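What follows is a set of notes on a single structure, which appears directly below.
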Amino acid sequence: MGIKPTEFGRRINKSRETVYNIFQRKSIDTSLLEKIGQVLEFDFFQYYTPLKKEIEKLKEDNSLLREMNAFLKKKNKGKEKKGA
């Protein structure tokens, strides 16, 4: 966007040195990433939201499958007792 590091730092409340440090990091705090996104007018979290929804759906499916599995095991044990 053509923003100089000093100006970018001012917009995110960080020093110029911290801005250069941010550029070198392998990870970043979500609140800082949100500030950076506001300055750059870009939503970095747009990629995360669909994945979060998919993960929640998979967790629900997994829970349902666990319940069904427990029910079938219980039912199978009942059949074994009757046959024994």
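Computed from a predicted structure; not experimentally measured.
Expressed to the nearest 0.5 Å, how far CZ of Arg25 lies from OG1 of Thr18 amounts to 7.5 Å. Remark: Glu60 CD to Leu65 CG distance equals 12.0 Å, nearest 0.5 Å. Remark: Glu34 CD to Ile12 CD1 distance equals 13.0 Å, nearest 0.5 Å.
Looking at heavy atoms from C-beta onward, Thr6 lies out of side-chain contact with Arg10 at the 4.5 angstrom threshold. By the 4.5 Å heavy-atom criterion applied to side chains, Leu32 and Lys14 are counted as neighbours. By the 4.5 Å heavy-atom criterion applied to side chains, Thr30 and Phe44 are not counted as neighbours. In this structure, Ile36 and Phe8 have side chains that are in contact, with non-hydrogen atoms separated by less than 4.5 Å. No side-chain heavy atom of Lys74 sits under 4.5 Å from any side-chain heavy atom of Lys77. Using a 4.5 Å heavy-atom threshold, the side chains of Arg16 and Val19 count as separate.
Other residues, nucleotides and ligands place no more than 12 heavy atoms under 6.0 Å from the CZ atom of Arg66. Within a 6.0 Å sphere centred on CD of Gln46, heavy atoms belonging to other residues, nucleotides or ligands number more than 12. Residue Phe71 qualifies as open at atom CZ: its count of foreign heavy atoms under 6.0 Å is 12 or below.
Clustering ILVMFWY residues whenever any of their side-chain heavy atoms sit less than 4.5 angstrom apart, transitively, puts Leu33 in the very cluster that holds Phe23.
Of all heavy-atom pairs spanning Arg11 and Val39, the tightest one is CB-CG2, 3.6 Å.
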